[in-house]
Amino acid sequence: MILNLIKPLNFVIKNVFLFKPHLYKMIVHNLEKAHSILNQFITEIRDVNIQKDSLRFRRNIERIGEILSYELSKTLYYGTKNIKTPLGTKDVNTFNDKLVLCSILRAGLPLHQGLLNYFDKAENAFISAYRHHPDNGDNFEVIVNYLAAPSLQNKTLILADPMLATGKTLENTLRALKDYGSPKQIHLVSIIGSEEGVHYVEKIFPKNTHLWIAAIDEKLNSRGYIIPGLGDAGDLSFGTKL
Ligand code: URA
């Protein structure tokens with residue numbers, strides 16, 4: 001009897017804490033706490049014994065992108081339209097938003113593919129950014145040197161960065177996109193973030209920005225990598241670089 005009362009209460013408590021508008025000014029959807037198949041994919045990309053299989057790693061990132069797309073799709077603007085089936089007609093709900101998916105090369109490619117698998121009619125933007133360590137030490141600056149984007153004016157911009165570490169890459173990306181028009185809504189999509197990175201981007205992005213994220217980890221190391229994180233998402237997807 002008591003167990004029957006505790007179960008639904010547990011569910012309510014868990015779901016209230018999924019959504020933390022009191023901690024972040026942005027609307028943060030941290031999907032980590034909900035028990036779902038997402039946890040399995042996150043576990044596999046973190047686990048040193050599994051993540052080295054790069055085909056599996058990329059596909060897991062893609063699958064996480066698909067789940068985040070599905071969750072994000074619940075906040076788009078829907079309208080009713082009447083369609084014809086072979087046997088009749090039906091009023092259906094479809095979203096009206098004009099989506100632009102923007103990803104950062106190269107680590108962002110599998111996540112971009114996951115988003116595109118679901119938002120298949122979206123326009124696309126790509127930007128390249130890399131960390132330049134001027135003195136070969138821990139300090140780095142983020143350099144943006146390639147950008148191809150459609151107009152963003154009045155569109156819904158979905159900006160994907162698999163590892164939201166310091167937040168500097170997203171900041172530089174937002175700055176680089178400013179000449180492409182003003183989106184009416186921005187959604188950030190990340191797989192793993194750091195507390196510090198989430199707080200940093202909330203200061204930079206408009207208040208109504210949504211962040212869809214599969215896990216938020218505690219800290220960064222001195223080189224700006226997320227701890228415990230998963231390592232280097234670009235290298236795990238595409239191999240090490242010089
Ligand atoms: N980029 C990565 O690939 N991993 C991190 O932990 C941080 C940035």
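Read the numbers this way: they start at 1 and go in the same order the structure lists the ligands and their atoms.
Residues I37 and Q40 form a side-chain contact, since some pair of their non-hydrogen atoms from C-beta on lies under 4.5 Å apart.
With respect to K241 and D235, a salt bridge is recorded, a charged nitrogen being found less than 4.0 Å from a carboxylate O. Salt bridge K219/E196: absent, no basic N to carboxylate O contact under 4.0 Å.
Sorted by chain then number, the residues whose non-hydrogen atoms approach ligand 1 to under 4.0 Å are R131, M163, A165, G224, Y225, I226, G231, D232, A233.
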Under the salt bridge (charged side-chain N to carboxylate O under 4.0 Å, His left out) criterion, do R175 and E171 qualify, and how do the steps go?
-> CA-CA 6 Å; R175 198 172 294 140; E171 178 186 20; 3.1 Å; yes

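In this structure E218 satisfies the salt bridge (Lys or Arg N to Asp or Glu O under 4.0 Å) test with no other residue, sequence neighbours excluded.
Relative to the ring axis of F57, K52 does not place its NZ or CZ within 45° and under 6.0 Å from the centre.
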